[in-house]
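By convention in this document, chain letters (A, B, ...) are assigned in the order of the sequence lines, proteins followed by strands, and residues within each chain are numbered from 1. Worth knowing before you read on, the calculation uses all heavy atoms, side chains too, and leaves out hydrogens, waters and symmetry mates.
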There are 2 protein chains.
Amino acid sequence: MTTGLRERKKQATRAALHEAALRLVAEHGLDRVSVDDIAAAAEVSPRTFFNYFPSKDDAVIGLDPEHPLRLAEALSARPTTETPVQALRAVHAAEAARMAAETELWPLRLQVVDAHPALAARLTASFARSEQLLAEWLAARTGTRAELDVQPTLLAAVQGSVMRSALHRWRAGDYTASLPALVAEGWDQVEAGFPVPHR
Amino acid sequence: MTTGLRERKKQATRAALHEAALRLVAEHGLDRVSVDDIAAAAEVSPRTFFNYFPSKDDAVIGLDPEHPLRLAEALSARPTTETPVQALRAVHAAEAARMAAETELWPLRLQVVDAHPALAARLTASFARSEQLLAEWLAARTGTRAELDVQPTLLAAVQGSVMRSALHRWRAGDYTASLPALVAEGWDQVEAGFPVPHR
DNA sequence: CAGGAAAAGTGCAGGGACTGCAAACATGCG
DNA sequence: CGCATGTTTGCAGTCCCTGCACTTTTCCTG
């Protein structure tokens with residue numbers, strides 16, 4: 001799992017570009033920051049920027065492209081005695097804990113996403129890749145057809161909704177709540193079929 | 001509510017631009033169709049294109065910008081004896097029937113969205129506006145806080161998932177199934193809390 | 001129905017995102 | 001060391017999108 005110099009440098013450059021993009025956009029706004037600005041802040045040429053990210057938006061979001069695969073692996077590692085929802089809950093719990101530990105970047109990401117609908121769309125698109133793999137895993141797990149049966153596609157999408165809703169409330173409450181708790185609260189709703197709240 | 005010539009012409013131009021964009025992109029692919037091509041096909045100047053749509057992507061998707069508001073109205077018209085989920089089901093049923101009636105455009109939309117992830121992101125963004133209004137309606141209806149409590153945000157997002165999942169399966173089954181039925185099937189899953197499918 | 005107000009359409013100039021290509025440059029390996 | 005392979009960079013070019021100024025069309029009122 002260790003890395004040569006070359007690989008480490010690439011990771012560093014990628015991270016530098018992402019962080020520069022995120023911080024600059026958080027401070028000045030999406031359309032007042034150019035790719036040239038970002039490249040300059042990360043100390044690479046503008047042309048190099050596009051070796052790392054296909055678009056400015058992607059650099060601002062900057063999620064790990066390997067993430068969907070690791071998610072799928074984590075799910076496959078769950079015991080088959082669990083129901084699909086239980087397995088998803090467990091994986092989400094670990095995920096949320098990891099995200100909450102990044103106390104720097106996630107709040108910034110949520111801030112810029114909130115300020116720029118275009119970025120919200122990109123973030124959702126990033127999740128879409130995970131959802132597709134998830135649907136396939138669900139289909140395999142429950143013996144259903146990923147494309148045609150209800151549960152795989154829908155549950156994969158709902159899982160994304162649970163996470164996004166948790167992130168939204170996390171930010172709305174100024175990060176005082178625990179992200180894993182917010183996620184769990186979402187899953188409770190899902191498992192209970194959205195009961196009418198008592199006043 | 002009626003329309004002068006001016007208003008009717010605007011609607012016609014908007015529709016012409018959207019349909020031209022959709023058909024051209026469906027046939028040739030997103031990056032082989034320029035805004036100039038679309039404008040030419042709709043017989044307006046390229047500059048005029050941007051009086052109607054803020055971006056090429058939006059023209060391809062081309063959803064009615066008034067739609068979120070009509071959705072919110074439809075919901076407010078539901079009797080307060082219904083649970084939130086019941087009201088959403090009812091509105092979705094009407095919505096799905098209307099969409100299924102557009103036998104020309106929706107299949108094309110789903111085709112291009114499937115072929116171009118960037119467009120999927122835009123489509124989701126279009127839904128996002130509805131989801132926000134929905135969350136507010138839910139909060140008002142159930143006496144919860146839109147930003148902080150679980151149900152408004154999450155159920156609004158899940159509602160979107162139900163519709164998107166239905167659209168996905170509609171296309172996967174070559175439009176042989178009934179869209180309202182697919183939507184209903186989704187809501188059944190939600191209300192039942194995603195039970196383990198029996199094999 | 002004339003004529004002006006308001007709205008919509010258009011041309012032009014320009015900034016910025018992004019790509020293909022080919023030349024430097026760095027790294028890893030025999 | 002020296003070659004093979006991967007990375008960075010500059011350059012030229014296309015296309016998206018915007019602000020501004022100007023023309024054309026629709027509408028309305030006297």
Side-chain angles (χ1 to χ4, degrees), chain A residues 1-18 20-22 24-25 27-62 65 112 116-119 121-123 125-126, chain B residues 1-22 24-25 27-62 65 112 116-119 121-122 125-126:
Chain A
M1 193 88 274
T2 179
T3 57
L5 170 60
R6 193 170 258 173
E7 192 63 22
R8 261 179 293 131
K9 265 197 171 175
K10 270 189 78 168
Q11 294 306 323
T13 303
R14 186 186 170 86
L17 280 170
H18 167 49
L22 193 48
L24 286 172
V25 169
E27 184 172 2
H28 301 110
L30 186 59
D31 40 7
R32 300 195 44 161
V33 173
S34 69
V35 167
D36 287 26
D37 296 335
I38 298 168
E43 300 187 293
V44 293
S45 81
R47 187 63 186 80
T48 297
F49 175 94
F50 291 103
N51 290 342
Y52 284 88
F53 296 97
S55 75
K56 187 169 83 169
D57 292 1
D58 283 294
V60 176
I61 301 300
V112 301
H116 303 283
L119 294 179
R122 288 290 173 140
L123 184 61
S126 305
Chain B
M1 192 93 272
T2 178
T3 58
L5 171 61
R6 191 174 261 172
E7 192 63 21
R8 262 179 292 131
K9 266 198 170 178
K10 267 189 81 168
Q11 295 306 321
T13 303
R14 188 186 168 84
L17 281 169
H18 167 48
E19 294 195 20
L22 193 48
L24 287 172
V25 169
E27 185 172 2
H28 301 110
L30 186 59
D31 40 8
R32 299 197 44 164
V33 174
S34 71
V35 167
D36 287 25
D37 297 334
I38 298 168
E43 302 187 293
V44 292
S45 80
R47 187 63 187 81
T48 297
F49 175 95
F50 291 103
N51 289 344
Y52 285 88
F53 297 99
S55 75
K56 186 169 84 168
D57 292 2
D58 283 294
V60 176
I61 300 301
V112 301
H116 302 284
L119 294 180
R122 287 291 172 137
S126 305

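- Contact annotation for B/Asp31: no contact, since no heavy-atom pair falls under 4.0 Å across all strands.
- For the pair B/Ile61 and B/Ser126, the tightest heavy-atom approach, listed with the atom from each and the gap, is CG2-OG, 4.2 Å.
- Residues meeting the side-chain contact (heavy atoms from CB on, under 4.5 Å) test with A/Ala12, sequence neighbours left out: none.
- Between A/Leu30 and A/Val112 the shortest side-chain heavy-atom distance does not fall below 4.5 Å.
- Looking at residues two or more places apart in sequence or on another chain, you find a side-chain contact (heavy atoms from CB on, under 4.5 Å) between A/Gln11 and A/Glu7.
- Residues satisfying the side-chain hydrogen bond (donor to acceptor under 3.5 Å, both in side chains) test with B/Asp37, not counting sequence neighbours, are B/Ser34.
- Across its full length, the helix from C/dC1-D/dG30 to C/dG30-D/dC1 shows an angle of 20° between the axes of its 5 terminal pairs at either end, rounded to 10 degrees.
- Side-chain contact between B/Val60 and B/His116 is absent, with no heavy atoms from C-beta onward closer than 4.5 Å.
- The footprint of chain B on DNA chain D, defined by a heavy-atom cutoff below 4.0 Å, extends from D/dC16 to D/dC27.
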Report summary line: The contact string for nucleotides 24-30 of chain C, one letter per nucleotide 5' to 3', using protein heavy atoms under 4.0 Å with B, S and - for base, sugar-phosphate only and none, comes out as --BBS--
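- Separation of atoms CD1 (A/Ile38) and CG (A/Leu22) is listed at 10.0 Å; rounding is to 0.5 Å.
- The two residues A/Ala41 and A/Ala20 come nearest to each other via the heavy atoms CB-CB, 3.8 Å.
- Here B/Ser45 reaches the OP1 or OP2 of C/dT10: one of its side-chain N or O atoms lies under 4.0 Å away.
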Which side-chain N or O atoms in residues 46-54 of chain B pair as donor and acceptor under 3.5 Å with protein atoms at least two apart or in another chain?
unit_1, atom_1, unit_2, atom_2, d
B/Thr48, OG1, B/Ser45, OG, 3.1

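- Of all heavy-atom pairs between A/Lys56 and A/Val33, the closest is NZ-O, 2.8 Å.
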Report summary line: Per-nt protein contacts along nucleotides 13-21 of chain C (heavy atom under 4.0 Å; B base, S backbone sugar-phosphate only, - none) come out as ----SBBBB
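- Partners of B/Arg14 under the salt bridge (charged side-chain N to carboxylate O under 4.0 Å, His left out) rule, at least two apart in sequence or in another chain, do not exist in this structure.
- Shown here for B/Val44 and B/Thr13, the closest heavy-atom pair between the two residues is CG1-CG2, 4.0 Å.
- Residues A/Ala59 and A/His18 come closest through the heavy atom pair O-ND1, 2.8 Å.
- Residues forming a side-chain hydrogen bond (donor to acceptor under 3.5 Å, both in side chains) with A/Asp57 (at least two apart in sequence, or on another chain): none.
- Looking at residues two or more places apart in sequence or on another chain, you find a side-chain contact (heavy atoms from CB on, under 4.5 Å) between A/Ala121 and B/Ala121, B/Ala125.
- Near DNA chain D, meaning a heavy atom under 4.0 Å from it, residues 12-22 of chain B has no residue at all.
- Taking side-chain N and O atoms only, B/Tyr52 has no distance below 4.0 Å to OP1 or OP2 of C/dA8.
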